Number of protein chains: 2
Amino acid sequence: MRRMTARPANAHQARLLRLLRDGGPNSRAQLGDQVDLSRSKLAVEVDRLLETGLVVADGLAASRGGRRSHNIRLAPGLRFLGVDIGATSVDVAVTNAELEVLGHLNQPMDVREGPVAVFEQVLAMAAKLRASGLAEGFDGAGIGVPGPVRFPEGVPVAPPIMPGWDGFPVREALSQELGCPVMVDNDVNLMAMGEQHAGVARSVGDFLCVKIGTGIGCGIVVGGEVHRGVTGSAGDIGHIQVVPDGRPCACGNRGCLEAHFSGAALARDAEDAARGGHSAELAARLEGAGRLTAADVAAAASAGDATSLELIREGGNHVGQVIAALVSFFNPGLVVIGGGVTGLGHTLLASVRTQVYRTSLPLATGNLPIVLGELGQLAGVTGAARLISDHLFSPA
Amino acid sequence: MRRMTARPANAHQARLLRLLRDGGPNSRAQLGDQVDLSRSKLAVEVDRLLETGLVVADGLAASRGGRRSHNIRLAPGLRFLGVDIGATSVDVAVTNAELEVLGHLNQPMDVREGPVAVFEQVLAMAAKLRASGLAEGFDGAGIGVPGPVRFPEGVPVAPPIMPGWDGFPVREALSQELGCPVMVDNDVNLMAMGEQHAGVARSVGDFLCVKIGTGIGCGIVVGGEVHRGVTGSAGDIGHIQVVPDGRPCACGNRGCLEAHFSGAALARDAEDAARGGHSAELAARLEGAGRLTAADVAAAASAGDATSLELIREGGNHVGQVIAALVSFFNPGLVVIGGGVTGLGHTLLASVRTQVYRTSLPLATGNLPIVLGELGQLAGVTGAARLISDHLFSPA
DNA sequence: CGGCCTTTGTCCTGGGTGAGGAGAAAGTCG
DNA sequence: CGACTTTCTCCTCACCCAGGACAAAGGCCG
């Protein structure tokens, strides 16, 4: 099942591959406009790429006023596998070399079942996608896990919500199973890379990507590159204290952001409100389902339930408080909010914005968009594909 | 008074210049070990540098077992001017090309007197240093100002504590006056660069440098490079909220870190304590001087004054609270604390450490040193020299 | 003190690379 | 249909640079 053995031989070829990945099919002339190489040099490098099979001819380009140029594109048969392991579900997608998602599967699953069970599931999903004719094999795979990762080795380290994964050689194991190169990263970083590649963060060099799901994390992009920190735990903002002596948190402290607002906390609050008789809407849903989730709160809120709206607003304030601090510190050009609770949508966004614009200094917030992610569920898998393609499209 | 017109012609020469700057005089052979160039290529580049006069021969090196090598070093006559404009004082220093401080002057001065008055002062101090025979002229100057800077242009933007400087063309003006290239940056960033070059942060790629003076700021170094943010206001952590509905701050909000702990806040608290009869020690000092400063608190604390110790501890808790959040977010390899209040020393450090180690996650704090800066008053001017030398020792 | 080894520095050459000109091929526009 | 534009290929020439050969300079040991 080994497929793409070819790798760019030098930085020029790597550059060209990335241009083709990000810009789609392109004529040699257009490429020449972007890379500052002499025509002869460019021709040589393109010919070499054609030889490797990574790149193929793709008909004629439209004329720019003279002779029409021959288009080239990345090999249409290249396939990347993007895997996004969340706390409660798994996403697997197949992309082409331009990182367009060709097929996508989602499956509920508790990450605490451990790496072996999850891997089995992931491989089954990948096989299913392959069986449906989307891919004959994979040229590379990216995988995101909900916890810190020692990036160079691709191994989770001390992940609080998935203790069974500590030290499990994810990269090694998946590479063995799939027979292709694999890169591993934190799921939040992948979401950031996804939004950077195909979402709202295109053309922004420095931005933050806050993912609110079961937990809360933040992807940090500096100068176009993901910042992972010295131990791979950068962006772990879920345990920043937002309420002095607040609610007890699983981490042992009190008043952590995650304890006061996250998918899990929101569900708990909603159930409390339902049982306490504060919201008929929520009580009805609890009656129906036996338990509540963030999605129930979102639904209740859009049905006008005052309690749900208040819960969201309050949560938004807490997140906003942290984001405001991070904005002052980091001075990003954009803040993206995504993750499972984006269903809470504009109510959440509004209260986050209010809090940030009120608390941070004007110079930092003056031209700072705070927006929802564009890619939704596909952000993670797109980012995963981007991760492995960045790796493969770099000099060997 | 123009001096060094020469600039490295390519990246190799730039690399060599930086090696000589950071490592002092060096033999050709030693340089060869570090740069991965063929001996012939290296010889050519070194010869060219010798021709420009940037580099000079410096006798024979010790033998490494065979023929002795000829040492080379940066021209001993090269001089950089480092200027550090604080809120209440100005530091000016002369360094050689290895960024060793040859002479240093400090002068109390209120930055709010405006750029014209401050420039006059700075130029007078530079002239004095020159007159004392330390320099015949300057090959470049770096200058730090206590507020955000639009870095490429070298112009302060919307600085809260020095409104008169907004938009003043610092770089342009100083370059005119001194007749040499000038670079401008935030004073905190310069402190970080100073500690990176010659202080505790040598060999650390990602670290934070918290400067506690009249205000509070934080230098951010990512992958060896200072992160300035999209509008140059990164690291502006003085207005992060630490106490909900806390003390009113000059910025219009409440509970800002700066309002609860900084040189200015500490002095105010001390005076209140003295007047309120809580501390005989402080009252005596207030009696004597008519007002109190952070230095008085430091002195009282080391004399054992309980109130002062408590003030410092409380302040340390507030700073520690913010640093803990930043550590979770950024996952640095080192936190340096410096600035005027380092006189508070280990009492402060201890309470910051306690707070950080207690509040942040073990993975981020596990191997995280939190230390005082090594360079004291010289950090800023050293960083300023480093800034301009980085600029000059890069390909034209 | 004298051979032998190690290290350093210089010279030279051969392979490789890449910039840019010339010109052919392919289109557009009037 | 002809003049102009754009694209692409070929070719040449200058430059660069790695590495070998060799000379110079010094240490080490008997």
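What you see below is based on every heavy atom in this structure, not just the backbone, and it leaves out hydrogens, waters and symmetry mates. Remember, predicted model here, so these are calculated numbers, not experimental data.
Note on ring orientation: taking the six-membered ring where Trp is involved, the planes of A:Phe330 and B:His227 are parallel (angle under 30°, cut-offs 30° and 60°).
The nearest whole Å value for the distance from the CZ atom in A:Arg68 to the P atom in C:dT28 is 7 Å. Per the geometry, CZ belonging to B:Arg28 stands 14 Å off C1' belonging to D:dA24, to the nearest Å. Going from atom NZ of A:Lys41 over to atom C1' of D:dT7 covers 20 Å, rounded to whole Å. One interatomic measurement links the two molecules: CD of B:Glu45 to P of D:dC16, which rounds to 9 Å at whole-angstrom precision. In this entry the distance linking CD of B:Gln30 with P of C:dT8 reads 9 Å, nearest Å. Remark: C1' of D:dC17 and CG of B:Asp36 are 12 Å apart, rounded to the nearest angstrom. For B:Arg48 and D:dC15, the CZ to P distance is 11 Å, given to the nearest whole Å. Atom CG of B:Asn10 and atom C1' of D:dC15 are 14 Å apart (whole Å).
Residue-to-nucleotide proximity on DNA chain C shows that, of A:Leu60 and A:Ser38, the 5′-proximal contact is made by A:Ser38.
Screening A:Arg18, A:Glu98, A:Arg21, A:His197 for a side chain to side chain donor-acceptor pair (under 3.5 Å) with A:Ser389, the sole residue that qualifies is A:Arg21.
Among the nucleotides D:dT7, C:dC12, C:dG20, the one closest to the side chain of A:Ser40 is C:dG20.
In the interface, the side chain of A:Arg67 is paired with the base of C:dA25 through a donor and an acceptor atom under 3.5 Å apart. Counting atom types as modelled, B:Ser69 pairs no side-chain N or O with a base atom of C:dG9 as donor and acceptor under 3.5 Å.
No side-chain donor-acceptor contact under 3.5 Å links A:Arg79 to the backbone of A:Glu136.
For C:dT8, the OP1/OP2 oxygens have no side-chain nitrogen or oxygen of B:Ser27 closer than 4.0 Å.
A pairwise comparison of heavy atoms in A:Ala126 and A:Leu81 identifies CB-CD2, 4.0 Å as the closest pair.
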